[in-house]
Protein chains: 2
Amino acid sequence: MGITKTEHFTDEQNELAILAKAIGHPARIAIIQHLIKVNSCVCGDIVNELPLAQPTVSQHLKELKNAGLIKGNFEGNSICYCLNEEGFNKIKGFFQQVNTHLENRKNQCC
Amino acid sequence: MGITKTEHFTDEQNELAILAKAIGHPARIAIIQHLIKVNSCVCGDIVNELPLAQPTVSQHLKELKNAGLIKGNFEGNSICYCLNEEGFNKIKGFFQQVNTHLENRKNQCC
DNA sequence: TATATATATCGTAATATTGCTATATAAAAA
DNA sequence: TTTTTATATAGCAATATTACGATATATATA
């Protein structure tokens, strides 16, 4: 098929998957890393930073935005982008659970 | 195309993307959550836990294993799965950087 | 050894993703 | 108002992913 059976999973599981999937591309990792470095910048800077055509970058930005991982605001002629806490806070809890688990389990692994 | 230009990104960016992408499916989130809950279990338990056919689950397990997020060891007739610290440790640093950034930036966002 | 049980692989259909060129839109500057 | 600059969208080709039934493999038990 190629179609994910989202209806059989919980909202939380689907939401976490959407967030992780959005992060799961090297171009989008690069965008996030760049925004960490410069705090905020206009779209054009990201286009210059990446080895991809402008429409492709625009598409990646859209996906990050839809997932709630970045925000974009008009700033004169261009659009200023920065990280969106909301999205990252949602995944934070998941990885904290993983870490707590990994720290607490001693040699109970198979 | 449909082909990611991995050669234009750093090894770290590609590695992080592979890990996030592996997590980016509700079935694989469900598998990880189940392993957190029960510490370790055999493949069949996961098949029973998920609303997917056995070959589909097997495929998801393979992807998590290839990404280094779970480990599987023979245990008699069946295979025992548990989380693999290695993979999760690799993403940990990335999210720590994100969190540090989000905490430190005040209203410097656009 | 033969059979049962557990898991993986093959092959395939449906759908999604990636990346591009061409083009549209929208704000700013001339 | 026209032009420039910045970003988004449409449309498309190549490739990847998801899911399944059928089947292979591999260990354990009888």
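Order of the sequence lines sets the chain letters (A, B, ...), proteins ahead of strands, with each chain counted from 1.
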What is the distance, to the nearest angstrom, from the [atom1] atom on [X] to the [atom2] atom on [N]?
| X | N | atom1 | atom2 | value |
| --- | --- | --- | --- | --- |
| B:N73 | D:dA26 | CG | C1' | 16 Å |
| A:E7 | C:dT15 | CD | P | 13 Å |
| B:L50 | D:dA19 | CG | C1' | 13 Å |
| A:Q59 | C:dA22 | CD | P | 17 Å |
| A:R28 | C:dT17 | CZ | P | 9 Å |
| B:L64 | C:dA8 | CG | C1' | 15 Å |
| A:I46 | D:dA6 | CD1 | P | 14 Å |
| B:F9 | C:dG19 | CZ | C1' | 11 Å |

Answer with base, sugar-phosphate or nothing: what part of the nucleic acid does [X] contact at a heavy-atom distance below 4.0 Å?
| X | result |
| --- | --- |
| B:E75 | nothing |
| A:T56 | base |
| A:V47 | nothing |
| A:S78 | sugar-phosphate |

Quiz item: When rounded to the nearest 0.5 angstrom, what distance separates CG in B:L16 from CD in B:E12?
Solution: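 Answer rounded to 0.5 Å: 5.0 Å.
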
Self-check item: Contact nearer the 5' end of DNA chain C, comparing B:V42 with A:G24
Solution: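 So the residue in question is B:V42.
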
Quiz prompt | 5′-ward residue of the pair A:N77/A:H60 relative to DNA chain C | solution =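 In this pair, the answer is A:H60.
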
Self-check item: Short side-chain to backbone donor-acceptor contact, A:N14 and A:T6, under 3.5 Å
Solution: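 Answer holds: yes.
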
Exercise. Without swapping roles, check the side chain of B:N84 against the backbone of B:K71 for a donor-acceptor pair under 3.5 Å.
Key: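 Side chain of B:N84 to backbone of B:K71: no pair is present.
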
Of the listed nucleotides [options], the one nearest the side chain of [X]:
| X | options | value |
| --- | --- | --- |
| B:E63 | C:dT9, C:dA6, D:dT18 | D:dT18 |
| B:L61 | C:dA8, D:dA6, D:dT9 | C:dA8 |
| A:F74 | C:dA27, C:dT7, D:dA8 | C:dA27 |
| A:K21 | C:dC20, C:dT17, D:dC20 | C:dT17 |
| B:P55 | C:dG19, D:dT7, D:dA22 | D:dA22 |
| B:A53 | D:dC20, D:dA19, D:dA8 | D:dC20 |
| B:L52 | C:dC20, D:dT27, D:dC20 | D:dC20 |

Practice problem: Decide whether B:I23 and A:I18 are clustered together by the hydrophobic rule: side chain heavy atoms of Ile, Leu, Val, Met, Phe, Trp, Tyr closer than 4.5 Å, transitively. | Solution: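 No, it is not one cluster - the side chains of B:I23 and A:I18 are not joined through contacts under 4.5 Å.
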
Side chains of residues 85-99 of chain B: which donor-acceptor pairs under 3.5 Å do they make with residues two or more places apart or in other chains?
| unit_1 | atom_1 | unit_2 | atom_2 | d |
| --- | --- | --- | --- | --- |
| B:K90 | NZ | B:E15 | OE2 | 3.1 |
| B:N99 | ND2 | B:F95 | O | 3.2 |

Self-check item: Donor-acceptor pair under 3.5 Å, A:Q54 side chain vs D:dA8 base
Solution: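 Side chain to base: pair present.
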
Quiz item: If we call it a pair only when both distances are under 3.5 Å in a Watson-Crick or G-U wobble match, what pairs with D:dA30?
Solution: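 WC or wobble partner is C:dT1.
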
Self-check item: Residue met sooner reading DNA chain D from 5', once A:T6 and A:D45 are mapped to nucleotides
Solution: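 Looking at the nearest nucleotide for each, A:D45 comes out on the 5' side.
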
Return all side-chain donor-acceptor pairs below 3.5 angstrom for residues 28-55 of chain A, not counting sequence neighbours, or 'none' if the list is empty.
| unit_1 | atom_1 | unit_2 | atom_2 | d |
| --- | --- | --- | --- | --- |
| A:R28 | NE | A:A22 | O | 2.5 |
| A:R28 | NH1 | A:H60 | ND1 | 2.9 |
| A:R28 | NH1 | A:E63 | OE1 | 3.2 |
| A:R28 | NH2 | A:K21 | O | 3.4 |
| A:Q33 | OE1 | B:Q13 | NE2 | 2.9 |
| A:N39 | ND2 | B:Q108 | OE1 | 2.8 |
| A:N48 | ND2 | A:G44 | O | 3.3 |

Quiz item: D:dA6 phosphate, OP1 or OP2: any side-chain N/O from A:Y81 under 4.0 angstrom?
Solution: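 Checking A:Y81 against D:dA6: no side-chain N or O falls below 4.0 Å of OP1 or OP2.
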
